[in-house]
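Remember, it's a predicted structure, so these values are computed and weren't measured experimentally. Below, read A as the first sequence line, B as the second, and so on, with proteins coming before strands; counting in each chain starts at 1.
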Number of protein chains: 2
Amino acid sequence: MYFSLMPRPREFEPDAVLNVAMLRFWERGYRAVSVEDLVKATGVKPGSLYSAFPGGKRALFLKSLERYSRLVVPEKLGELEASDASLAEVRGYFDGLVRDLLSPEGRQGCLLVNTAIENAAEDDEAAAVVRGHLARLERCMTHALENAVRRGQVRASLDCAGSAKLLVATCQGLMVVGKANPDGVLLRAIVDNAFAALA
Amino acid sequence: MYFSLMPRPREFEPDAVLNVAMLRFWERGYRAVSVEDLVKATGVKPGSLYSAFPGGKRALFLKSLERYSRLVVPEKLGELEASDASLAEVRGYFDGLVRDLLSPEGRQGCLLVNTAIENAAEDDEAAAVVRGHLARLERCMTHALENAVRRGQVRASLDCAGSAKLLVATCQGLMVVGKANPDGVLLRAIVDNAFAALA
DNA sequence: ATTGTTTTTGAATGGTCGCTCATGTATTTT
DNA sequence: AAAATACATGAGCGACCATTCAAAAACAAT
């Protein structure tokens with residue numbers, strides 16, 4: 001009996017290519033990034049790209065969204081996803097957001113927010129990833145607020161679930177404002193006022 | 001002496017063309033709209049389009065932003081820009097926003113929010129229009145909140161300027177959330193919680 | 001009717017888009 | 001060495017992009 005023969009091995013790392021794609025989509029948006037851009041940025045020729053990522057540009061985009069959710073988002077959330085997170089972690093998340101929006105590298109905002117605006121209306125799969133992200137944010141913020149109530153960090157009468165929904169919307173809004181007007185005084189005022197309502 | 005001779009008159013209304021362009025950019029975004037789309041939608045041939053709007057597609061886009069600010073925004077703001085506006089008008093604006101996001105025609109969100117995300121980073125002129133819009137929103141919300149304090153509709157200790165900044169961010173966030181997840185229960189919960197903080 | 005001026009027309013421009021495919025190459029088995 | 005397999009290469013596909021332009025047409029004054 002014959003065993004399958006070993007083919008020529010890949011000369012590039014698909015994950016590295018996907019990472020480049022993610023970064024490009026993140027900073028320029030889906031439509032603004034061409035496959036040729038990716039070919040130039042990775043050195044991987046079109047044929048190899050398409051055989052490594054069946055479905056072409058859009059598949060690469062959807063995989064970029066997933067990669068972003070899996071690698072970038074947890075880093076931004078930090079300890080906010082820990083089961084003992086409370087008010088400090090929520091505040092830390094917002095402060096990190098503001099810091100990012102004011103730094104030269106962070107002005108691209110959030111890939112998932114950008115996707116909500118650019119693609120959600122015309123791409124259900126992309127919209128679903130965004131919805132998943134929003135639900136995840138809401139979930140861990142609700143949990144953190146519940147801990148905060150328990151520890152007396154916020155008023156006991158706080159509607160944790162509702163406040164979490166508002167905080168999620170607030171951080172999306174923060175990113176829209178920050179993208180058009182990266183003004184630290186303004187952004188910090190927004191965050192301060194959002195948290196003043198919780199105490 | 002000779003007077004200038006009369007040329008052939010225009011057969012289309014530039015404002016009507018601009019209106020079509022605005023609507024397209026609004027619902028699909030700048031990159032997603034091609035000049036050919038506009039030619040088909042208006043019946044105005046490329047040559048005429050380019051001679052009526054020097055600067056081509058981008059000029060048409062910038063003029064669309066201005067038209068949106070001048071015609072659509074005041075309609076959405078309604079009485080919020082009146083000098084005697086107070087809490088009810090702020091609430092009315094948010095309720096209108098939610099109503100729009102839930103209606104089939106309003107799912108496109110706000111052209112200026114979409115522009116903040118899609119174009120602000122790479123187009124300073126577009127970003128400036130967006131910043132102007134945000135400042136306008138903040139100004140009339142601050143004014144309305146001051147009236148609300150005077151009338152005892154909100155607590156006297158309210159930081160009107162700060163709360164207005166937060167409300168502006170909140171309505172941007174509302175549009176991001178609504179675009180990915182047009183869920184009336186969720187959107188209304190966000191608005192309710194935003195206003196609970198003012199009382 | 002002729003002339004001067006501006007508009008309309010739509011074919012054509014050169015470029016870029018996402019994507020495919022024939023050909024050559026590297027690797028491991030027989 | 002030869003065969004089998006998957007990969008790398010990059011020229012090339014048709015479609016579409018924003019934009020231009022030469023020619024024809026419409027108007028008012030002469």
Side-chain angles (χ1 to χ4, degrees), chain A residues 1-18 20-25 27-65 115 118-119 122-123 125-126, chain B residues 1-18 20-25 27-65 115 118-119 122-123 125-126:
Chain A
M1 104 172 253
Y2 297 100
F3 294 93
S4 69
L5 301 181
M6 284 282 108
R8 175 178 180 175
R10 267 227 173 75
E11 292 179 2
F12 62 93
E13 193 58 55
D15 258 20
V17 169
L18 186 54
V20 168
M22 181 195 75
L23 292 171
R24 296 271 160 175
F25 288 135
E27 66 183 11
R28 314 233 298 124
Y30 177 68
R31 294 207 189 248
V33 174
S34 70
V35 175
E36 200 193 350
D37 286 338
L38 300 177
V39 168
K40 279 180 184 158
T42 60
V44 176
K45 304 292 179 281
S48 300
L49 240 187
Y50 278 85
S51 87
F53 298 95
K57 185 184 172 185
R58 180 166 172 276
L60 220 30
F61 178 62
L62 291 175
K63 279 191 181 298
S64 293
L65 294 183
T115 299
E118 191 192 350
N119 306 296
E122 60 188 351
D123 188 331
E125 282 191 68
Chain B
M1 114 174 245
Y2 297 100
F3 294 92
S4 67
L5 302 180
M6 285 280 107
R8 175 177 182 174
R10 267 228 172 76
E11 293 178 3
F12 63 92
E13 192 57 54
D15 259 20
V17 169
L18 187 53
V20 169
M22 182 195 75
L23 292 171
R24 297 272 160 175
F25 288 135
E27 67 183 9
R28 313 234 296 122
Y30 177 69
R31 296 213 188 242
V33 175
S34 70
V35 175
E36 200 193 349
D37 287 337
L38 299 177
V39 167
K40 278 180 184 159
T42 60
V44 175
K45 304 291 179 286
S48 300
L49 241 185
Y50 277 84
S51 87
F53 297 94
K57 184 184 172 185
R58 181 165 172 275
L60 220 29
F61 179 62
L62 292 176
K63 280 191 182 298
S64 292
L65 294 183
T115 300
E118 192 191 352
N119 306 295
E122 61 189 351
D123 187 330
E125 283 191 68

Can you tell me the distance, in whole Å, between the [atom1] atom of [X] and the [atom2] atom of [N]?
| X | N | atom1 | atom2 | value |
| --- | --- | --- | --- | --- |
| B/R24 | D/dA18 | CZ | P | 13 Å |
| A/F12 | D/dT9 | CZ | P | 9 Å |
| B/F53 | D/dA18 | CZ | P | 16 Å |
| A/L60 | C/dC17 | CG | C1' | 16 Å |
| A/F61 | C/dC19 | CZ | P | 14 Å |
| A/F25 | C/dG18 | CZ | C1' | 11 Å |
| A/E11 | D/dA6 | CD | C1' | 12 Å |
| A/E36 | D/dC13 | CD | C1' | 15 Å |

Reckon [X] touches a base, only the sugar-phosphate, or nothing at all at heavy-atom distances under 4.0 Å?
| X | answer |
| --- | --- |
| B/V35 | base |
| A/V39 | nothing |
| A/P46 | base |
| A/K45 | base |
| B/G47 | base |

Checklist entry - Considering only C/dT6, C/dG18, D/dA18, which nucleotide approaches the side chain of A/K57 most closely? => result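 The nucleotide sitting nearest to the side chain is C/dG18.
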Checklist entry - Distance check: side-chain N/O of B/S48 vs OP1/OP2 of C/dT7, anything under 4.0 Å? => result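 Checking B/S48 against C/dT7: no side-chain N or O falls below 4.0 Å of OP1 or OP2.
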Item to check | D/dT19 phosphate, OP1 or OP2, under 4.0 Å from B/Y50 side-chain N/O | outcome: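 Checking B/Y50 against D/dT19: at least one side-chain N or O falls below 4.0 Å of OP1 or OP2.
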Checklist entry - Could B/K57 and B/Y30 be counted as a cation-pi pair, given that NZ or CZ must be under 6.0 Å from the ring centre and within 45° of the axis? => result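 Positive - B/K57 is close enough to the ring of B/Y30 and near enough to its axis.
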Item to check | From A/E125 atom CD to A/N119 atom CG, the distance as rounded to the nearest 0.5 Å | outcome: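 The CG atom of A/N119 is 12.0 Å from CD of A/E125, to the nearest 0.5 Å.
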Item to check | A/D15 side, atom CG; A/M22 side, atom CE - distance, nearest 0.5 Å | outcome: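 So the CG of A/D15 and the CE of A/M22 are separated by 10.5 Å.
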Item to check | Check ion pair B/R31-A/E118 (N to O, under 4.0 angstrom) | outcome: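 The answer is no: the pair does not qualify as a salt bridge.
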Next on the checklist: Strictly below 4.0 Å, N to O, side chains only: are A/E11 and A/R8 in salt-bridge contact?
Outcome noted: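 Result for this pair is yes, salt bridge flagged.
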Checklist entry - How do A/R10 and B/G55 order along DNA chain D: which one's closest nucleotide is nearer the 5' end? => result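 With A/R10 and B/G55 compared, the 5'-side residue is A/R10.
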Next on the checklist: Pick the closest DNA chain D nucleotide for B/R8 and for B/D37 by heavy atoms, then say which residue is nearer the 5' end.
Outcome noted: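 The 5'-side residue here is B/D37.
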